[in-house]
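Reminder, nothing fancy here: chain letters follow the sequence lines and each chain counts from 1. When reading the values below, keep in mind they use all heavy atoms of this one structure, side chains included, and skip hydrogens, waters and symmetry mates.
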Amino acid sequence: MSEIPERQEVVELAKRRGYLYPSFEIYGGVSGFWDYGPLGTSLKNAIVGSWRDMYVVRHGYEEIETTTIGKEDVYEASGHADGFSDALASCPECGTFFRADHLVEDHTDIENADGMPKERLAEILADEGVPCPSCGATLDNARVEEFNLMFETNIGPGTARKGYLRPETAQGIFVDFQRLKRYYRESLPFGVTQVGRAYRNEINPRQGIVRLREFQQAELEYFKRPDDEIDVSPVEDVEVRLYPVEEQEDDDGEPFVTTVGEAVEDGVIESETIAYFVGRSQEWYESIGIDPDRLRFRQHLPDERAHYASDCWDGETLTTFGWIEVNGIADRADYDLRKHAEYSGEEMGVWQEYDEAVVREETVADPDMSVLGPEFGGAAGGIADALREKARDEPEAFEGDEVSVTVDGEAYTVSTDAAGFERREVRETGENVLPQVIEPSYGLDRIVYSVIEHSYDEDVIDDEERTVLRVPPKVAPFDAAVFPLVSKDGLEEHAREIEEKLRQAGMRVKYDGSGAIGRRYRRHDEIGTPLAVTVDYDTKEDGTVTLRDRDTTDQWRVEKDEIIEEIESVVEGDG
RNA sequence: GCACCGGUGGUCUAGUGGUAUGACAAGGGCCUUCCAAGCCCUUAACACGGGUUCGAAUCCCGUCCGGUGCACCA
């Protein structure tokens, strides 16, 4: 695999050749926003296409598209309105920002100050005489302000209805869950995917494209019964590098390579379903050009888990920014559906029939109020309630002719007939179950960047250094380049003809007739075009063209009519 | 957000107060029978705003962007 490149060179190439552009650069730009140029868009689309092929096509996890602006209620229920914001204290002396809740936790016995109102946090900071960790000044006049990572907006005129730009695509799937469960005819498990943009108003994003304020996610929400697990056997032999909590907490702990099957067997990954998606992710990353030596799956430490996650494994790639998170496979349990059920009052459970109906005996009382009313007057209502309770809890009390209950310290005796006591059989055929959610969620921008870095290579051809982007053909921005050997003697027309033929066959091709042939090969090496088709004088004679391979620079001749097949075999066969 | 350093054509770069150097790239032409060859021509920059000065890429202030450290990062 290729050497680790200089970040400068990669970023420079990405900008110069049309992969990535800083957004609104002519107005000075704003950090955290990047545009995709033509090649970047093509690469990203190819990566998304391959992701869809994996989940939507091969697994049947159908895709939906939901709005990027969400009503306030959605994010109150999801916990983002509270949990996604931090109270920041700024030192009046040096201006440095700190998490106010962390300062409070460090200097008092309070164990969880997250979620305390900012006024209270400021009070505690002042009362405890907490010093600024940076300059030592006392923080008794520190301003404590809520900083929510969600972008806010207003829906409609005025300020009555608040909306948020979604901080993750997931909630769109959860709030549509009732309709989705009907679509899937109420049968678990099923998966729903979504690809789209999400927004986080990061405090101070740096690291170029690695931390964005507007970014793209591809997410799968896999809904299952608590006991359902996906069988890992299709990926049991996939080798993965794992970095579990235990190894991270051990000073000598290191990530280790194992197979998905062994990881489940050894209990390293507790959830078989999570392990399955780790395996699928590993396969997918390798197929789009992530270097397996620079890929690992790291388990979240307990204190870094999101408010909704009970366990989480992050796919991480090693880049010049260090190890960066490119996806998370989180066990969200029933957190989201439970919260939306609670806040909306809607039923979010899925009816699950038991394998066999459960029959049990139930004891009930249906007191005859026309008897109790005249006999006990105002106390009748309370007596009836007490009888119902007693029928459920102590059915044996109804075995005689009379039954006694106590209401407000007063004992009453009622004839068993008037109590309307009954034993009956109840058949329970199933129950509403809140599905458990396993969420593999991919950060597309970081993946695109990682693919570029991992593909970037420099080698030497005929004593000349060249830059070559060794991206897998299936995600390369172009399938092939088409060149006339020289721009005269009618070679251009032949080349144009071939270009057109390839386009009509659905191939992404680029024609280039400018400069010497060697220069054009280098240009396309640099942007990762896997094949070049060169029209030369023999083409006029015998109808063959030269194909030239990006990685090896090998050349071979094929008939004009076989170009399409030949390109397809390279692109689909991955070289 | 703080501190320090930096920002000159697409890219890299020279330039310590007098309107910007060079290379590569790009476009046009000539040439060219397979890996950045050559010749001619062309396009193209002082991050933005303000100040000092007769005059600012150069000095000062603010902003933006980048790097590094601190802080933040579900």
Side-chain angles (χ1 to χ4, degrees), chain A residues 7-9 11-13 15-18 21-33 37 78-80 83-91 93-100 102-103 114 132-135 143 145 147 149 167-168 170 200-208 210-213 300-309 312 314 324-325 328 330 332 335 439 441 460-468 483-489 491 514-526 532 534-541 545-550 553-555 557:
Chain A
R7 186 194 308 165
Q8 283 299 326
E9 288 171 3
V11 171
E12 189 264 305
L13 171 88
K15 286 201 276 193
R16 183 164 47 81
R17 297 310 304 269
Y21 301 144
S23 299
F24 13 88
E25 198 177 9
I26 62 166
Y27 291 110
V30 178
S31 67
F33 294 98
S78 71
H80 287 89
F84 220 63
S85 74
D86 295 323
L88 295 184
S90 58
C91 171
E93 290 298 317
C94 68
T96 310
F97 276 78
F98 301 96
R99 286 278 297 265
H102 288 181
L103 286 175
D114 194 11
C132 167
S134 176
C135 68
R143 284 210 333 261
E145 307 228 336
F147 184 82
L149 254 34
E168 59 174 15
R200 290 181 193 178
N201 200 3
E202 298 283 354
I203 295 172
N204 182 18
R206 275 197 245 164
Q207 305 180 300
V210 167
R211 254 175 91 200
L212 296 175
R213 288 180 163 129
H300 272 199
L301 297 168
D303 63 359
E304 65 179 318
R305 280 180 205 143
H307 59 267
Y308 50 73
C312 185
D314 280 350
I324 58 170
E325 175 191 346
R332 295 179 81 129
Y335 177 87
E439 175 194 78
S441 168
V460 175
I461 299 295
D462 295 343
D463 293 333
E464 289 277 357
E465 208 171 83
R466 71 164 181 162
T467 301
V468 53
F483 307 140
L485 182 61
V486 290
S487 297
K488 61 175 188 185
D489 300 330
L491 296 184
S514 143
I517 186 74
R519 181 189 299 265
R520 285 176 261 152
Y521 286 145
R522 297 303 162 82
R523 272 187 200 136
H524 278 273
D525 289 341
E526 198 178 49
T534 302
V535 170
D536 53 30
Y537 288 94
D538 290 348
T539 310
K540 287 166 73 174
E541 300 296 318
V545 297
T546 301
L547 288 193
R548 182 263 192 187
D549 179 81
R550 174 195 71 198
T553 76
D554 288 345
Q555 303 192 353
R557 299 199 70 85

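If you take atom P in B/U11 and the same atom in B/G18, they sit 27 Å apart, rounded to whole Å. Using atom C1' as the reference point in both B/G9 and B/G15, the two lie 15 Å apart (nearest Å). Of the C1' atoms belonging to B/G1 and B/A56, the separation is 31 Å, rounded to the nearest Å. Atom name P, nucleotides B/C46 and B/C5: the rounded distance is 25 Å, in whole Å. Using C1' as the reference atom, B/C34 and B/A26 are 23 Å apart when rounded to the nearest Å. One C1' atom belongs to B/U19, the other to B/C54, and the distance between them is 15 Å to the nearest Å. Comparing the C1' positions of B/A45 and B/G62 gives an interatomic distance of 23 Å, to the nearest angstrom. The separation of B/A20 from B/U58, taken at their P atoms, amounts to 15 Å, rounded to a whole angstrom.
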Strictly under 4.0 angstrom, non-hydrogen atoms only: write out the protein contact profile of nucleotides 61-69 of chain B, one letter per nucleotide from the 5' end, B, S or -. ---SSSSBB
Quick one: what's the B/S/- string for nucleotides 25-34 of chain B, heavy-atom cutoff under 4.0 Å, read 5' to 3'? SSS----BBB
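As judged by a 4.0 angstrom heavy-atom cut-off over every strand, A/Glu465 is placed among the base-contacting residues.
The CD1 atom of A/Ile26 sits 12 Å away from the P atom of B/C48 (whole-angstrom rounding). Here B/U11 presents its P atom at 14 Å from CD of A/Glu526, a figure rounded to the nearest Å. Taking atom CD on A/Glu25 and atom P on B/A45, their separation rounds to 15 Å, with Å as the unit. Rounded to whole angstrom, the span from the CD atom of A/Glu12 across to the C1' atom of B/C12 amounts to 8 Å. What separates CG of A/Leu13 from C1' of B/G10 is a distance of 13 Å, to the nearest Å.
When the options A/Arg466, A/Arg550, A/Arg520 are evaluated for a side-chain hydrogen bond (donor to acceptor under 3.5 Å, both in side chains) with A/Asp525, the one that passes is A/Arg466.
Taking 4.5 Å as the limit, some side-chain heavy atom of A/Arg16 sits within range of a side-chain heavy atom of A/Glu526. Looking only at side-chain heavy atoms (C-beta outward), A/Pro22 and A/Lys15 come within less than 4.5 Å of each other. A 4.5 Å side-chain heavy-atom check between A/Tyr521 and A/Thr553 finds every atom pair outside the cut-off. With a 4.5 Å cut-off on side-chain heavy atoms, A/Arg211 and A/Arg200 do not count as touching. For the pair A/Gln555 and A/Asp549, the minimum side-chain heavy-atom distance is 4.5 Å or more. No side-chain heavy atom of A/Asp554 sits under 4.5 Å from any side-chain heavy atom of A/Arg548. Residues A/Val535 and A/Leu485 have side chains not in contact (no heavy-atom distance under 4.5 Å, counting atoms from C-beta outward).
Between the side chain of A/Arg213 and the main chain of A/Glu202, a donor-acceptor pair closer than 3.5 Å is present.
Summarising the base pairing, B/A26 is matched to B/U42 through a Watson-Crick or G-U wobble pair whose two defining distances lie under 3.5 Å. Of the nucleotides present, none pairs with B/U19 by Watson-Crick or G-U wobble criteria with both distances under 3.5 Å. Across the strands present, B/G66 finds its partner in B/C5; the criterion is a Watson-Crick or G-U wobble pair with both atom distances under 3.5 angstrom. Base pairing of B/A71 is not made with any nucleotide, judged by Watson-Crick or G-U wobble geometry with both donor-acceptor distances under 3.5 Å.
Using a 4.0 Å cut-off between a side-chain N of Lys or Arg and a carboxylate O of Asp or Glu, A/Asp536 and A/Arg557 qualify as a salt bridge.
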